[in-house]
Engineer: 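This is the structure, below, for whatever I ask next.
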Amino acid sequence: MENYLKQLNDPQKQAVLQTEGPVMIIAGAGSGKTRVLTYRIANLIRKGVDPFNIIALTFTNKAAKEMRNRIESVVGHEARNLWMGTFHSIFAKILRMEADKLGYPSHFTIYDSDDSKSLIKSILKEMQIDDKIYKPGMILGRISNAKNNLITAGMYQTDEEVNAYDSSTGRPELGKIYKVYEERCFKAGAMDFDDLLLKTYQLITKFPDVLNKYQHKFKYMMVDEYQDTNHCQFMIIKKLAAVHQNICVVGDDAQSIYSFRGATIKNILSFESEYSDLKIFKLEQNYRSTQVIVNASGGIIKNNKDQLQKKVWTSNATGDKIKVLKAINDNEEGRFVAQAIFDEKMEKQLPNSAFAILYRTNAQSRSFEEALRKLNVPYRIFGGMSFYQRKEIKDFVAYLRLVINNNDEEALKRIINYPVRGIGQTTIDRLILYAGQNNLSFWEVIQRVREYPELRAAASKITDFAIMIQSFGELRKTHNAYELAAYIAKATGLLKFLNEDKTIEGISRYENMVALLNGIKEFVEDDTNEQEKTLENYLQDIALLTDTDKDDPNADKVTLMTIHGSKGLEFPVVFIGGMEENLFPSQMSLGNRKELEEERRLFYVALTRAELKIYLSYATSRFKFGTLLPCEPSRFLDEIDKEFLDIDRRFATATPLSTNNSDKNGDTYSKPSAWMKTAANKPAPFTKPALKPLPQAIENFVPDNTSGLKEGMNVEHQRFGLGMVKKIEGDGDSRKATVLFNEYGEKQLVLKFAKLRLV
DNA sequence: TACTAAGCTCTTTTT
DNA sequence: GAGCTTAGTA
């Protein structure tokens with residue numbers, strides 16, 4: 001113990017030794033936060049605290065795993081009994097044990113956002129609500145937001161302010177949809193990600209004995225990345241810590257980047273007012289980065305209004321300046337970055353794994369991937385489509401889910417006709433309809449399929465399917481997860497079906513399927529943890545797994561990921577791509593101080609990942625909607641003190657930002673300087689002109705009308721409005737017309753399908 | 001009911 | 001440029 005205390009600086013040591021009472025540790029980037037947390041827990045165990053009474057909550061499985069390993073290396077295998085994991089996984093564990101109190105089965109399904117969205121889509125369809133106005137993603141966002149603020153569907157529906165808002169945006173039915181969504185999840189025995197938090201809160205507020213049990217169990221609580229907790233998480237933590245008050249939160253307000261997920265920086269900014277006897281420790285020495293990086297990033301974050309005072313410093317070497325690369329488009333940007341990696345590797349003799357390319361949006365990864373492939377630089381990409389989101393994987397996992405939880409509606413919908421067994425959309429729609437009408441789950445309707453005359457045609461097929469699923473359920477009693485999964489893969493014909501497709505994509509789908517089966521095998525054979533090797537436990541594991549978690553740190557590859565995904569990681573050399581106004585900062589954050597400040601924190605996170613050197617790159621034009629649009633350099637480039645920059649000589653000198661603008665809340669915010677936004681360079685606005693209403697008589701467009709079409713004629717298109725035919729080429733069905741539309745410019749249309757009318 | 005081709009609509013970030 | 005929906009065909 002004394003040995004490792006020697007490795008700590010003063011504030012770190014104090015933070016470790018202050019084990020009693022509420023503690024807040026403000027830890028700047030690279031200040032040894034994980035080390036402090038690790039030693040704090042190790043110290044508690046050394047003092048004789050039972051690991052069983054310590055809970056440590058993190059945001060990612062990876063952070064939890066890393067911390068567990070490090071604690072284990074200090075205190076040994078005793079660390080295994082710690083309650084350590086993500087909010088979602090720890091709460092899921094508690095919920096499974098107490099599920100019956102909430103009327104849920106202990107083997108409840110966890111819906112991922114795809115499932116949630118799909119459920120919302122079918123609810124909209126059943127309620128005959130227009131999904132153009134009620135966009136599923138947006139509805140899910142509203143529901144998620146409500147849940148994170150502890151607002152249930154019932155409360156949502158009776159809240160006048162919320163209703164007034166929804167009505168004013170033309171969506172008065174939102175409360176109703178939320179209610180139906182809540183009921184359907186319950187009937188399906190499913191919880192979405194937000195439910196894992198909300199239901200935990202409900203559990204401990206509605207059942208005092210449960211609260212009491214966990215309050216006494218968790219004598220010492222620790223929360224990592226506290227700046228990213230939302231209101232619901234805060235309330236749970238507060239309640240659980242109420243008895244012992246030994247709550248330690250660790251975070252950095254400057255790295256709060258998840259407000260879109262309901263995280264509120266308020267939690268960390270006002271933690272002090274929650275506990276009068278709070279001890280605050282500030283870790284301000286950065287051990288990770290060079291002086292250039294520390295000072296440049298510190299200069300950036302200084303522009304934010306919402307922040308706690310701290311002075312991050314380092315005694316590391318000065319280091320290289322930040323290099324700015326200017327490219328004409330995204331492909332050239334990719335080439336520049338790949339080439340720079342190649343050169344740095346040679347010059348500094350670094351492995352591939354020393355490099356990370358970070359970007360604002362997942363869509364930006366393509367050009368970097370292509371360029372790296374061309375130079376034969378191995379890379380690994382996170383985000384985008386994860387393994388468990390692939391269709392073939394989700395389909396198979398749906399079988400497993402359905403076997404465990406027959407009521408899982410989303411799983412059932414996925415596979416009832418996959419592989420095709422003659423149960424078409426009409427039949428499925430009817431099943432859902434009857435389920436709703438009779439207040440039954442989807443599965444229960446299937447059980448009684450013969451009671452509905454309209455379903456008679458498909459009845460035997462449906463029954464066969466149900467019997468098959470039930471037979472799998474029987475096998476569960478005698479077989480482990482792997483044996484059962486392998487059997488299902490064969491019995492359903494899925495494995496064979498995938499193996500028959502010899503296209504490149506088909507082969508990859510088959511390989512993925514095999515990889516999944518191997519994964520289940522590994523799960524069964526893995527004896528490093530004591531949990532039973534049941535299918536339930538396997539599903540529980542993968543439901544909360546993200547692809548950042550299956551990182552193989554030994555592979556020597558360049559890392560590509562979003563900035564959000566990079567939180568908590570570090571790399572010797574970091575590339576930040578797409579440093580363009582409207583992309584980073586995102587267009588959506590402009591004109592609102594708080595959102596712009598979050599973008600700035602995001603930039604801060606990106607910069608502080610680097611140990612030795614940073615490259616910033618931007619393109620002067622980029623494809624959006626298949627159109628090449630001109631881009632201007634990001635205002636963030638402007639905010640970096642020039643003394644830290646190694647600017648490409650073509651990089652224009654910027655004029656200072658004006659700060660005398662204010663948004664509707666009266667907050668001032670900076671606007672891009674004039675040189676960024678000259679009228680000629682301004683990107684085309686994204687809002688498309690509204691289509692003029694069509695006269696009654698021409699509502700139905702008949703493709704045949706175009707047979708007499710000639711160059712120079714005026715036409716009207718259903719979507720593009722009025723225009724003039726410029727050119728006609730080809731013959732027969734492939735006849736094409738180039739039409740110049742008043743509002744959309746030139747479009748090429750295949751006349752066989754064009755919805756045109758002569759004017 | 002199943003399959004295919006054309007049309008339409010997006011673009012933040014994720015446990 | 002991709003994923004999803006719609007319309008048309010077998």
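So you know, we letter chains A, B, ... as the sequences are listed, proteins then strands, and number each from 1. Every heavy atom of this structure was used, including side-chain atoms; hydrogens, water molecules and symmetry mates were not.
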Engineer: Using atom NZ of Lys117(A) as one end and atom P of dC10(B) as the other, report the distance to the nearest whole Å.
Structural biologist: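 Rounded to whole Å, this separation is 12 Å.
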Engineer: By nearest atom, which of the nucleotides dC10(B), dC3(B), dG1(C) is closest to the Arg366(A) side chain?
Structural biologist: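 Selected nucleotide: dG1(C).
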Engineer: Given dC3(B), dT13(B), dT11(B), identify the nucleotide with an atom nearest to the side chain of Val420(A).
Structural biologist: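 Of the candidates, dC3(B) comes closest.
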Engineer: Would you indicate which nucleotide in dG1(C), dC10(B), dT14(B) comes nearest to any side-chain atom of Asn362(A)?
Structural biologist: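 Side chain of Asn362(A) sits closest to dT14(B).
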Engineer: Are Lys413(A) and Glu410(A) within salt-bridge range, i.e. N to O under 4.0 Å?
Structural biologist: yes
Engineer: Taking only side-chain N and O atoms of Thr426(A), does any of them lie within less than 4.0 angstrom of OP1 or OP2 on dT1(B)?
Structural biologist: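 Yes, within the criterion.
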Engineer: Specify the residue among Glu598(A) and Arg421(A) whose closest nucleotide of DNA chain B lies further upstream toward the 5′ end.
Structural biologist: Arg421(A)
Engineer: Under a 4.0 Å heavy-atom cut-off, which of residues 250-267 of chain A touch DNA chain B?
Structural biologist: Tyr258(A), Phe260(A), Arg261(A)
Engineer: Can you see whether Tyr604(A) has Arg601(A) sitting over its ring - NZ or CZ less than 6.0 Å from the centre and within 45° of the normal?
Structural biologist: no
Engineer: Among dT15(B), dC3(B), dT14(B), which nucleotide sits nearest the side chain of His564(A)?
Structural biologist: dT14(B)
Engineer: With a non-hydrogen cut-off below 4.0 angstrom, is Phe59(A) in contact with a base, only sugar-phosphate, or nothing?
Structural biologist: sugar-phosphate
Engineer: Looking at Tyr418(A), I'd like to know if the NZ or CZ of Lys391(A) sits under 6.0 Å from its six-membered ring centre while staying within 45 degrees of the ring's axis.
Structural biologist: yes
Engineer: Taking only residues two or more places apart in sequence or in another chain, which ones pass side-chain contact (heavy atoms from CB on, under 4.5 Å) with Ala146(A)?
Structural biologist: Ile151(A), Tyr156(A), Tyr178(A)
Engineer: If you find the nucleotide of DNA chain B closest to Ile423(A) and the one closest to His88(A), which residue's nucleotide is nearer the 5' end?
Structural biologist: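 Going by which nucleotide is closer to the 5' end, it is Ile423(A).
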Engineer: Strictly below 4.0 Å: does Thr427(A) bring a side-chain N or O up to OP1 or OP2 of dT1(B)?
Structural biologist: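 For dT1(B), OP1/OP2 do have a side-chain N/O of Thr427(A) under 4.0 Å.
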Engineer: If we take the P atom in both dT13(B) and dC4(C), what is their distance in whole Å?
Structural biologist: 15 Å
Engineer: For dC10(B), does either OP1 or OP2 sit under 4.0 Å from a side-chain N or O belonging to Lys135(A)?
Structural biologist: yes
Engineer: I need the Asp195(A) CG to Gln202(A) CD distance, nearest 0.5 Å.
Structural biologist: 8.0 Å
Engineer: If you compare every side-chain N and O of Asn417(A) against the phosphate oxygens of dA2(B) (OP1, OP2), does one of them come in below 4.0 Å?
Structural biologist: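 So the side-chain polar atoms of Asn417(A) do come within 4.0 Å of the phosphate oxygens OP1 or OP2 of dA2(B), strictly under.
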Engineer: Decide whether Asp429(A) and Gln425(A) meet the rule of one side-chain donor and one side-chain acceptor closer than 3.5 Å.
Structural biologist: yes
Engineer: Lys121(A) has an atom NZ; how far is it from atom C1' of dC10(B), in whole Å?
Structural biologist: 12 Å
Engineer: Would you mind classifying the nucleic acid contact of Ser589(A) as base, sugar-phosphate or nothing, using non-hydrogen atoms under 4.0 angstrom?
Structural biologist: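 Counting heavy atoms under 4.0 Å across all strands, no contact is made by Ser589(A).
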Engineer: For the side chain of Thr562(A), counting heavy atoms from C-beta on, which of dT13(B), dT15(B), dC10(B) is nearest?
Structural biologist: dT13(B)
Engineer: Nearest-Å distance, CG (Leu198(A)) to P (dT15(B))?
Structural biologist: 20 Å
Engineer: Would you call Lys567(A)-Glu225(A) a salt bridge at under 4.0 Å N-O?
Structural biologist: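 Between Glu225(A) and Lys567(A) there is a salt bridge, with a charged N closer than 4.0 Å to a carboxylate O.
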